[in-house]
Q: 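Sharing a structure below in structure tokens format, with a few things to ask.
This chain uses plain numbering: 1 for the first residue, then up along the sequence.
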Amino acid sequence: MEMYDLSLIWAVILAFSVIMYVLMDGFDLGLGILFPFAPDEDARDVMMNSVAPIWDGNETWLVLGGAGLIAAFPLVYTILLPALYLGVFLMLAGLIFRGVAFEFRFKSKRTRRWWNAAFSGGSFVAAFAQGCVVGAYIQGFETADRVYTGGAFDWLTPFSILTGIGLVVGYTLLGATWLVLKSEGHVREWARGLIPKLLIGVLVVFVIVSLWTPWIDSGVFDRWFNHLQVIWLLPFAALLCAVGIYMATRRHREGLAFLLTLGLFIFTYLGLLVSRWPYVIPPDYTLWDAASAPESQFFILIGVLFVVPIILTYTAWSYWVFRGKVRVGEGYH
């Protein structure tokens, strides 16, 4: 295969890995953000037990995406790591805090409130940092001769802060719809009552980001506004998902509300990616500028094509095995 074809294949694989991570780990982070607002400790137990069998497997997609990125597009690491070092560090620190708190909370008694705070704080920091990184990617990076030339805090701007807040609210909505799907009684009713408010918050941020993004770069503006584009179907589909979430919640269609929230994330992220295509390091470097040698891409691709079906299989199996409601007093631990 030519480098052009291999780079396109890798772009699809990496985009798929990112979307799978966001979908699979998003509701887990959302539950952590909701933790301080839970009605009681029983509700927190249900929240954690609803994801206990599956949460650590969800982050497999983050590892796969990170490893695949350095193998297929090494220039991305050369430029993006210096540009996003602090943001990525905050994200990883948040994930570590929440991971440790997840395990210790089940065993602790006197210090449980501290592990609750660590789990919630780590979830918030990780989600906010991820959103800021997405915003920084949309804005682009200052580069010269394939080297990052910007400052350490260029990733933290009003736009990236907005996308960080938006992802926090979006993950919280995803966590609420997941909890409605997996819980009963007062826990489910509490989570259901949050969904309309969170949905409004997501839509407000969605509209502001959608209006702001085309003005960041003239190329993005041209892509969206110069003439009618098929890509306008993406925000339209996202809005349809939002309407569907509201209707499904009112009609107590728990599974449909959760699936439509996943759809809302998918169409929103695709819209953001399309805004910058084919620049993997906007605004200067395309996929092919950042690609490794075709031989390297092909060699790693063989292994990935074996690994991805295995990950999909055990992920689907774990969700199937631990399907059903989580009740107060019952759980995985």
Q: With a 4.5 Å heavy-atom cut-off, do S50 and W178 have their side chains touching?
A: yes

Q: Check whether more than 12 heavy atoms from other residues, nucleotides or ligands sit under 6.0 Å from atom CZ of F104, and answer yes or no.
A: no

Q: In Å and rounded to the nearest 0.5 Å, what is the CZ to CD1 distance from F124 to I33?
A: 7.0 Å

Q: Using the ring of each side chain (for Trp, its six-membered ring), is Y137 parallel, tilted or perpendicular to F141, with breaks at 30° and 60°?
A: tilted

Q: Less than 4.0 Å between a side-chain N and a carboxylate O, is that true for E254 and K182?
A: no

Q: Could you pull out the closest heavy-atom pair between A129 and L90, with the gap in Å?
A: CB-CB, 4.1 Å

Q: Is there a donor-acceptor contact under 3.5 Å linking the side chains of H186 and D42?
A: no

Q: Would a line drawn from the ring center of F159 to the ring center of W212 be shorter than 6.0 Å?
A: yes

Q: Between the side chain of S292 and the main-chain N/O of P74, is any donor-acceptor distance below 3.5 Å?
A: no

Q: Find the distance between CG (L81) and CD1 (I70) and round it off to the nearest 0.5 Å.
A: 7.5 Å

Q: Going by atom types only, do Q139 and T157 share a side-chain donor-acceptor pair under 3.5 Å?
A: yes

Q: Does the ring center of F16 lie less than 6.0 Å from the ring center of Y21?
A: no

Q: Taking only residues two or more places apart in sequence, or in another chain, which ones meet R44 in a salt bridge (Lys or Arg N to Asp or Glu O under 4.0 Å)?
A: E41

Q: If you measure from CZ on F265 to SG on C241, what distance do you get to the nearest 0.5 Å?
A: 11.5 Å

Q: Given 3.5 Å as the limit, does a donor-acceptor pair link the side chain of T261 with the main chain of A257, or not?
A: yes

Q: Check Y285 against R146 and note the closest heavy-atom contact, atom names and distance.
A: OH-N, 2.8 Å

Q: Report yes or no: does S318 contribute a side-chain atom to a donor-acceptor pair with the main-chain N or O of T315 at less than 3.5 Å?
A: yes

Q: Parallel, tilted or perpendicular: which fits the ring planes of Y319 and F27, with parallel below 30° and perpendicular above 60°?
A: perpendicular

Q: What's the separation between atom OG1 in T172 and atom CG in L31, rounded to the nearest 0.5 Å?
A: 9.5 Å

Q: With distance as the sole test, does D154 use its side chain to make a donor-acceptor pair with the main-chain N or O of G151 at under 3.5 Å?
A: yes

Q: Without swapping roles, check the side chain of Y246 against the backbone of P196 for a donor-acceptor pair under 3.5 Å.
A: no

Q: Is a donor on one side and an acceptor on the other found under 3.5 Å between the side chain of T143 and the backbone of Y148?
A: no

Q: Taking the side chain as everything from C-beta on, heavy atoms only, tell me whether L234 gets closer than 4.5 Å to V274.
A: yes

Q: Over all heavy atoms of both residues, which pair between Y269 and L167 is shortest? Give the atoms and the distance, please.
A: OH-CD1, 3.4 Å

Q: Do L301 and L305 have side-chain heavy atoms sitting under 4.5 Å apart?
A: yes

Q: Grab the two heavy atoms, one from L179 and one from A191, that are nearest each other, plus how far apart they are.
A: CD2-CB, 3.8 Å

Q: Once you round to the nearest 0.5 Å, how far does CG of L14 lie from CH2 of W10?
A: 6.0 Å

Q: How many angstroms lie between CG in L203 and CD1 in I245, if you round to the nearest 0.5 Å?
A: 8.0 Å

Q: Judged by atom type as modelled, is there a donor-acceptor pair below 3.5 Å linking the side chain of T163 to the main-chain atoms of V134?
A: no

Q: So I79 and L75, do their side chains get closer than 4.5 Å, heavy atoms only?
A: yes

Q: Run through the side-chain heavy atoms of Ile, Leu, Val, Met, Phe, Trp and Tyr, join any pair under 4.5 Å, and report what else lands in F236's cluster.
A: L240

Q: Does T177 reach the side chain of L198, with side-chain heavy atoms less than 4.5 Å apart?
A: no

Q: Below 4.5 Å, heavy atoms only, C-beta onward: do R98 and L29 meet side chain to side chain?
A: yes

Q: Could you tell me whether Y77 atom OH has more than 12 heavy atoms of other residues or ligands within 6.0 Å of it?
A: yes

Q: How close do L156 and C132 get, counting heavy atoms only, and between which atoms?
A: CD1-SG, 4.2 Å

Q: Do you know the tightest heavy-atom contact between V205 and L162?
A: CG1-O, 3.9 Å

